[in-house]
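Shown next, in structure tokens, is the structure this report addresses.
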Number of protein chains: 2
Amino acid sequence: MTTSAPGASPSVRFTQIVEQARLLYEEQGPEGLTMRSLAARLGIRAPSLYNHVRGKDELEVLLIVEALRGMGESLHAALTSVPARSPRRTALTALAAAYRSWALAHPHLYRLATGGELAREQLPEGLEAWTAAPLVGVAGGEHRARAAWAFAHGMTILELDGRFPPSADLDAAWAEGVAALT
Amino acid sequence: MTTSAPGASPSVRFTQIVEQARLLYEEQGPEGLTMRSLAARLGIRAPSLYNHVRGKDELEVLLIVEALRGMGESLHAALTSVPARSPRRTALTALAAAYRSWALAHPHLYRLATGGELAREQLPEGLEAWTAAPLVGVAGGEHRARAAWAFAHGMTILELDGRFPPSADLDAAWAEGVAALT
DNA sequence: GTCTATAGTGGGATAGAC
DNA sequence: GTCTATCCCACTATAGAC
């Protein structure tokens, strides 16, 4: 997190670092992201990364931020695509589909952002709430919202971890849960 | 996994190793269990462990087995405690309470047994199904059972990870989900 | 800003003597 | 079976020259 002198042209930019870190993480998961591997991908040496980033911890927080933004955009878009005054079930179904498909498209980032403890104090103010807003707005009460979130997260993480039998009809299980929680 | 010669008296026994590994893991989590730390706890040196266990991987599988057994016992007991022919909701409520409290009592083992991919081929035949049996029997159909499992796992893991606000009334969220999924 | 060189840490696992 | 002595690996991070 160093600022460059005016006119300087660093061989790598901060945004490039975050971008490549995200790609590396999406492709290979937590094991795949090391200071060495990231540097190699950027065409520099590992120690040079420390001129731009405080350390690996900062990098991980940045990735969580990216993930929450991505998920949030997907959920907000899903809600927008539903006609106003649609029945609650319509909105919930759309949110569930968006939630699941974002996670399946970015499994490692999904795990990073939703598993383990969250370093809330290092996140941009309001980001977490903004990501959750679509579901909270639709679910019908805070208890219902938490139950629905738990259901969605449970379905998602169990699917990502290969916990359901290959033969399981997960569309049906999702539909069942959404219907019950409507 | 070596067999002792008749009459031999090893200074540590296989069951002791698993027992201490479990305690270490329960107390300190994944980071806390190393071949060195486990050996130290048993009063031997790390290399000696390899006379009893193939390696750390085998140890982890053994811990997963312990965890599935423990969870299963808790769930089967909860179901037994419910009077026969009780309404479905009574049984589901009892199962949910047992599920949650086992997990809260053994957070690290719960994570180990329910997170990440499961090395099914290394587990005792039928163990996984036996652990799941109480819920599967009560839920009312396979899709409903999967939805209920996802809900319970989601609630549990989000609580363990501190994802709910401290002010959240989780009993209410559990009750809401159980009611919806009944 | 980037480099080379290196410190420091921690881990799993093996060889061979007793 | 247990020990000591090592090897090997991988990683984060820093120091100092260019």
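Computed over heavy atoms, backbone and side chain alike; hydrogens, waters and symmetry mates excluded. All values derive from a computational prediction rather than experimental measurement. So that the names make sense, note that chain A is the first sequence line, chain B the second, and so on, each numbered from 1.
- Heavy atoms from other residues, nucleotides or ligands lying under 6.0 Å from CD of B/Glu125 number 12 at most.
- B/Thr93 and B/Thr90 form no side-chain donor-acceptor contact under 3.5 Å, judged by distance and modelled atom types alone.
- Note: CD (A/Glu31) to C1' (D/dC9) measures 14 Å, nearest angstrom.
- Taking the six-membered ring for Trp, B/His76 and B/Trp130 have ring centres closer than 6.0 Å.
- The CG atom of B/Leu42 sits 14 Å away from the C1' atom of D/dG1 (whole-angstrom rounding).
- Per the geometry, CG belonging to B/Asp57 stands 13 Å off C1' belonging to C/dG11, to the nearest Å.
- Note: NZ (B/Lys56) to P (C/dG11) measures 8 Å, nearest angstrom.
- For the side-chain contact (heavy atoms from CB on, under 4.5 Å) test, no residue two or more places apart in sequence or in another chain qualifies with A/Ala105.
- Note: A/His153 and A/Trp149 fail the aromatic proximity criterion, with ring centroids not under 6.0 Å apart.
- Atom C1' of nucleotide C/dT4 and atom OH of A/Tyr50 are separated by 16 Å, given to the nearest angstrom.
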Grab the N/O contacts between the protein and nucleotides 16-18 of chain D below 3.5 Å, and write none if there aren't any.
none

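- Aromatic ring centres of B/Phe151 and B/Tyr99: separated by at least 6.0 Å.
- A/Arg54 has its CZ atom 16 Å from the P atom of D/dT12, to the nearest Å.
- Computed from coordinates, the A/Gln16 CD to C/dG1 P distance equals 13 Å when rounded to whole Å.
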Using nucleotides 3-7 of chain D, report all nitrogen or oxygen pairs with the protein that are shorter than 3.5 Å.
from: D/dC3; atom 1: OP2; to: B/Arg45; atom 2: N; distance (Å): 2.7
from: D/dC3; atom 1: OP2; to: B/Ser48; atom 2: OG; distance (Å): 2.9
from: D/dT4; atom 1: OP2; to: B/Arg45; atom 2: NE; distance (Å): 3.2

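- Salt-bridge annotation for A/Arg100 and A/Glu159: present, with a side-chain N of the basic residue lying under 4.0 Å from a carboxylate O of the acidic one.
- What separates CE of B/Met35 from P of C/dA13 is a distance of 6 Å, to the nearest Å.
- Taking the charged nitrogens against the carboxylate oxygens, A/Glu73 and A/Arg69 have no contact shorter than 4.0 Å, which rules out a salt bridge.
- A heavy-atom distance below 4.5 Å is not found between the side chains of B/Leu75 and B/Leu135.
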